[in-house]
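Working notes, structure below.
The sequence lines fix the lettering, A, B, ..., with proteins before strands; numbering per chain opens at 1. In what follows, every heavy atom counts, from backbone to side chain, and hydrogens, waters and symmetry copies are set aside. As the structure is a computational prediction, the values presented were derived from the model and not from experiment.
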2 protein chains.
Amino acid sequence: MKSDRGSTPAGPIDLWLIEDNPRYRKTIAGLMEHTGGIHCSQAMATCEEAIRLAESESPPQVILLDIGLPGMNGIQGIEVFKSLLPTTHIIILTIYDDNNKVLEAICAGASGYLLKDSPPEKIIESIQEVMAGGAPMNMQIAAKVLEMFREHYPKKSDYGLTEREKEILQHLVSGLTKQQIAGKLFLSFHTVNTHIKNIYTKLHVNTRSGAVSKVYKEKLL
Amino acid sequence: MKSDRGSTPAGPIDLWLIEDNPRYRKTIAGLMEHTGGIHCSQAMATCEEAIRLAESESPPQVILLDIGLPGMNGIQGIEVFKSLLPTTHIIILTIYDDNNKVLEAICAGASGYLLKDSPPEKIIESIQEVMAGGAPMNMQIAAKVLEMFREHYPKKSDYGLTEREKEILQHLVSGLTKQQIAGKLFLSFHTVNTHIKNIYTKLHVNTRSGAVSKVYKEKLL
DNA sequence: CACAAAATACCACGATCATGCGATTGTTTT
DNA sequence: AAAACAATCGCATGATCGTGGTATTTTGTG
């Protein structure tokens, strides 16, 4: 159940390691050599080196990538690798655990996010997991991701808008003027005016922008 | 490093199990009894029973919760427990792995999401992990969450707005008028007017609502 | 230094908005 | 039948907006 869905069915998993600290790089590379099923074919200190190599060497299946690198940082690196080596999985291995870095890395296309204090077995396990379609993360990171996730899916509040009001609010959101809305709904200008008036009252705002903002912030409609 | 941050420092972790299948319930309950550090003090078939018990018994530290339950389903259950037992961690243990269920459960406040085909050790591990501030998930689920995450954070487009323009756009978004913005930034009304004019040109809109909509739709700022 | 870009400021005018009223017609609930 | 709500339409007025200009100062880059 673990190694039966990689793009290369046979042989060890081909791994690249990008890490500027020589000592840590050697530690990890050494670790891989003593592990069955994974082969660290390249280890370098910068993304630039890796990009150069990507043009001659065959693409690895997994890249272990640091974020705090000289020159191009890991986040930027992800984006380059994503277009250069679209089949390669990228696992971030870093000391940074702040929300922004995690967010950026994930959005850039990282398949996993580990902290450097992870035990070696966790790292090995994560490489296998990512090959099996998983998304290995430190437990702190996972909790962070869920938390961020929750924030961006606030339960939609209800201001008691009627259907007609919602309809008009929608047109307001798309930037139409009162007259344009009236035209589109075959209503009098005055009716639209009244509806908007009522919408403002219900939403506790007094400008179009305020209403539109509220729609997005509170996931109305 | 695993059991040193629960709200109850001493003794085994107090667990409740809510699962309507009697056989599976017994399997899990039995598993816990043979495991050090966890005590399954209650096992029931429905959320309603658990809610009734929550009024007399002391709150558990963790609830293992199924989704497909008779009566109140697990998702609704989460919301009730979240307000009734705010300190209790909830781990979903279910057969459903579709995006919607996962999303709903997480947004409702689940701390973890496991599939029923998880090996018993994984379940034990997850209970300990959630007590240590983690968010245990099946690897498929984790991958799903990251994927959904990425979708809802589209790369922000760039219209070449200057810092000042972004600042003013932000105030526009919050519903302020030109004069209010001028006051807040200690600028002349005319300056704000000019900036907004330029913002409109750069965003290719010609109303406040259009601009605000664009900000949210394309994740500007 | 020179040149470009950004930020600042001003004016005027027609279009549009927000908001105060009041009113009629239906539908649903009680 | 009464009350409550939704949707429709009307008017007037002062505030605000969008857009066409022009112009000075500050800042950054070659």
Whole Å only: how far is the [atom1] atom of [X] from the [atom2] atom of [N]?
{"X": "Glu167(B)", "N": "dT8(C)", "atom1": "CD", "atom2": "P", "answer": "8 Å"}
{"X": "Ile168(B)", "N": "dG18(D)", "atom1": "CD1", "atom2": "P", "answer": "13 Å"}
{"X": "Arg164(A)", "N": "dC5(D)", "atom1": "CZ", "atom2": "C1'", "answer": "16 Å"}
{"X": "Asn193(B)", "N": "dA15(D)", "atom1": "CG", "atom2": "P", "answer": "17 Å"}
{"X": "Leu185(A)", "N": "dC9(D)", "atom1": "CG", "atom2": "C1'", "answer": "15 Å"}
{"X": "Ile181(B)", "N": "dT8(C)", "atom1": "CD1", "atom2": "P", "answer": "13 Å"}
{"X": "Gln180(B)", "N": "dT16(D)", "atom1": "CD", "atom2": "P", "answer": "8 Å"}
{"X": "Leu172(A)", "N": "dT16(C)", "atom1": "CG", "atom2": "P", "answer": "15 Å"}

Ion pair Lys144(B)/Glu147(B), N-O distance below 4.0 Å: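 No, no charged N to carboxylate O under 4.0 Å.
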Glu19(A)/Lys116(A) salt bridge by N-O under 4.0 Å criterion: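 The answer is yes: the pair qualifies as a salt bridge.
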For the student: nearest non-hydrogen atoms of Asp14(A) and Pro59(A), plus distance: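 Taking every non-hydrogen atom into account, OD2-O, 4.1 Å.
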Does [N] have its OP1 or OP2 closer than 4.0 Å to a side-chain nitrogen or oxygen of [X]?
{"X": "Gln179(A)", "N": "dT16(C)", "answer": "yes"}
{"X": "Ser188(B)", "N": "dC10(C)", "answer": "yes"}
{"X": "Thr191(B)", "N": "dA9(C)", "answer": "yes"}
{"X": "Asn206(B)", "N": "dT19(D)", "answer": "yes"}
{"X": "Arg208(B)", "N": "dC17(C)", "answer": "no"}
{"X": "Thr194(B)", "N": "dA7(C)", "answer": "no"}
{"X": "Thr207(B)", "N": "dC17(D)", "answer": "no"}
{"X": "His195(A)", "N": "dT8(D)", "answer": "yes"}
{"X": "Tyr200(A)", "N": "dA18(C)", "answer": "yes"}

Quiz item: Lys178(A) side-chain donor-acceptor pair to dA18(C) base, under 3.5 Å: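 Answer is yes: a donor-acceptor pair is held.
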Under 3.5 Å side-chain donor-acceptor pair for Glu49(B) and Thr46(B): yes
Residues Tyr200(B) and Thr207(B): side-chain donor-acceptor under 3.5 angstrom: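 Their side chains do not contain a donor-acceptor pair, so the 3.5 Å distance test is not met.
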Geometric cation-pi criterion Lys101(A) and Tyr96(A), 6.0 Å radius, 45° cone: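 Because its charged atom sits under 6.0 Å from the ring centre and within 45° of the axis, Lys101(A) does stack over Tyr96(A).
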Touch class at under 4.0 angstrom, heavy-atom based, for Asn198(B) against every strand present: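 Here Asn198(B) touches no strand at all.
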Considering only side-chain heavy atoms of [X], which listed nucleotide, [options], is closest?
{"X": "Leu187(B)", "options": "dC11(C), dT8(D), dT8(C)", "value": "dT8(C)"}
{"X": "Thr177(B)", "options": "dT8(C), dC17(D), dC17(C)", "value": "dC17(D)"}
{"X": "His190(B)", "options": "dC11(D), dG18(D), dC10(C)", "value": "dC10(C)"}

First encountered from the 5' end of DNA chain D, between Ile196(B) and Lys202(A):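 On the 5' side of the pair lies Lys202(A).
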Residue mapping more 5' on DNA chain C - nearest nucleotide basis, Glu165(B) or Lys197(B):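 Nearest nucleotide further toward 5': that of Glu165(B).
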Upstream residue (5' side of DNA chain C) when Phe189(A) and Glu163(B) are each assigned their closest nucleotide: Glu163(B)
